[in-house]
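Working notes for the structure below.
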Protein chains: 2
Amino acid sequence: MSNLEKTADRLNALGNPTRLQIYRLLVRAGAEGMSVGRIQEVVSIPGSTLSHHMKLLETVDLVAKEKQGTTLICRARYDVMDAVIGYLADECCADSSDGRSDRGVQWRRVAANT
Amino acid sequence: MSNLEKTADRLNALGNPTRLQIYRLLVRAGAEGMSVGRIQEVVSIPGSTLSHHMKLLETVDLVAKEKQGTTLICRARYDVMDAVIGYLADECCADSSDGRSDRGVQWRRVAANT
DNA sequence: TCATTATTTCGATAATACTAGAAATACGGT
DNA sequence: ACCGTATTTCTAGTATTATCGAAATAATGA
C-alpha cells in the first residue's frame with residue numbers, strides 16, 4: 001500500500017465528525033487513554049456504532065487498544081498522526097524542486113517543550 | 001458550522017486517494033496552478049468524475065478555481081490547509097490543560113525560509 | 001457456575017459516495 | 001453565426017459507509 005493510499009485512509013478515518021471528536025478526546029486524554037465506555041458516555045451513540053468507528057480508527061493505526069480486564073483502554077497513536085501530518089507537510093506541501101515555494105508558512109515537526 | 005465539522009469535511013475531502021493525488025499535484029504546482037485538463041491528463045479519469053472531485057475540493061475551500069478564457073486554473077489554498085493542520089495541532093493535539101502531554105513531538109507552524 | 005458489566009459481531013436498512021456516459025454550457029477564434 | 005475546445009451538469013448504476021437493535025463473547029466477582 002502506497003504512502004498516499006495509507007495517508008488517504010487515515011485522513012478518511014478522521015474525516016467524519018464523530019470519529020474526529022473521538023480522536024480529539026483520545027488525544028486530549030493523553031497516555032492515560034480512555035475506555036470505550038467512557039467515550040460512549042461523552043459522544044452518546046449506541047455501542048455498536050461506536051465499536052464500528054473505533055475499529056476503523058484502529059485499522060488505520062490512529063488508535064491503539066489495550067485490554068485491561070473487561071474494559072478496553074484506547075489511546076491515540078501520536079506517531080501515526082505524526083506520519084500523516086508529515087506526509088501533508090513534506091510529501092505534499094514540501095517546497096517543489098523548482099523553487100516555486102511562495103506560501104509564507106510551512107509546517108515543521110518540532111520537539112515538545114520538555 | 002463548527003470548527004470540528006469544517007475540519008472533518010476537509011479531512012474527508014483529502015481522504016480519497018484520487019483527491020489526495022489531485023491536491024498533491026496542485027500544491028506542487030504552486031502559485032502557477034494547474035488547469036483541469038492538465039490534471040485530467042495526469043490522473044487519467046473521465047472529465048465528469050474529475051469535475052465531481054474538483055467541486056468537492058472547492059466546496060471545502062481546499063482548492064480555488066480561476067477561469068482563464070476557456071480553461072480553469074486550479075490552485076491549492078495553503079491558508080486552508082494551514083487551518084486544517086492548525087486544528088489537528090492546536091485544537092486536537094494541543095497540550096491538555098492538565099499538563100498530561102508527554103508525546104515528545106508537536107507540530108508547529110513556522111515561517112518559510114524566505 | 002451464574003450473574004453482571006464491557007464490548008464486539010451479526011444482520012439489516014438507509015444514506016451517501018464514486019463512477020462515468022451523454023448532453024449541456026461557456027468561451028474564443030474564424 | 002458557427003465551430004472546436006474545456007469543463008460542467010444531468011442521470012443513473014454500483015459500491016461503500018453509517019447506523020443501530022439484538023445476539024454473542026469475554027472477563028470478573030459472588
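Below, chains carry the letters A, B, ... as their sequence lines are ordered, and counting in each starts from 1.
Each of Val80(A), Val84(A), Asp79(A), Asp9(A) was scored for a side chain to side chain contact (heavy atoms under 4.5 Å, CB included) with Asp61(A), with one residue passing: Val80(A). For the side-chain hydrogen bond (donor to acceptor under 3.5 Å, both in side chains) criterion with His53(A), the lone passing option out of Arg19(A), Gln21(A), Glu58(A) is Arg19(A).
For the pair Val43(B)/Leu25(B), a side-chain contact is recorded, criterion being any heavy-atom separation below 4.5 Å from C-beta on.
Within the structure, a side-chain polar atom (N or O) of Asn16(B) is placed less than 4.0 Å from OP1 or OP2 of dC18(C). Contact between the side-chain N/O atoms of Arg19(B) and the OP1/OP2 oxygens of dC18(C) is found at a separation under 4.0 Å.
Closest approach of Arg77(B) and Tyr23(B) over heavy atoms only: O-OH, 4.3 Å. When all heavy atoms of Arg10(A) and Ala83(A) are compared, the closest pair comes out as NH1-CB, 4.3 Å.
Taking a 6.0 Å sphere around NZ of Lys55(B), one finds it holds 12 or fewer heavy atoms contributed by other residues, nucleotides or ligands.
A distance-only check finds a donor-acceptor pair linking the side chain of Tyr78(A) to the backbone of Val27(A) [under 3.5 Å]. Within the 3.5 Å criterion, the main-chain N or O of Asn3(B) finds a donor-acceptor partner in the side chain of Thr7(B).
Mapping Leu56(A) and Gln68(A) onto DNA chain D via the closest heavy atom, the residue that lands nearer the 5' end is Leu56(A).
The interatomic distance linking His53(B) (NE2) with dC18(C) (P) rounds to 6 Å, in whole Å.
Nucleotides of DNA chain D lying under 4.0 Å from heavy atoms of chain A occupy a range whose first and last members, 5' to 3', are dA18(D) to dT28(D).
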Contacts under 3.5 Å, N or O only, protein and nucleotides 5-10 of chain C:
residue	atom	partner	partner atom	Å
dA6(C)	O4'	Thr70(A)	OG1	2.9
dA6(C)	O3'	Thr70(A)	O	3.4
dT7(C)	OP1	Val36(A)	N	3.4
dT7(C)	OP1	Leu72(A)	N	2.9
dT7(C)	OP2	Gly37(A)	N	2.6
dT8(C)	OP1	Lys65(A)	NZ	3.2
dT8(C)	OP2	Ser51(A)	OG	3.1
dT8(C)	O5'	Ser51(A)	OG	3.3

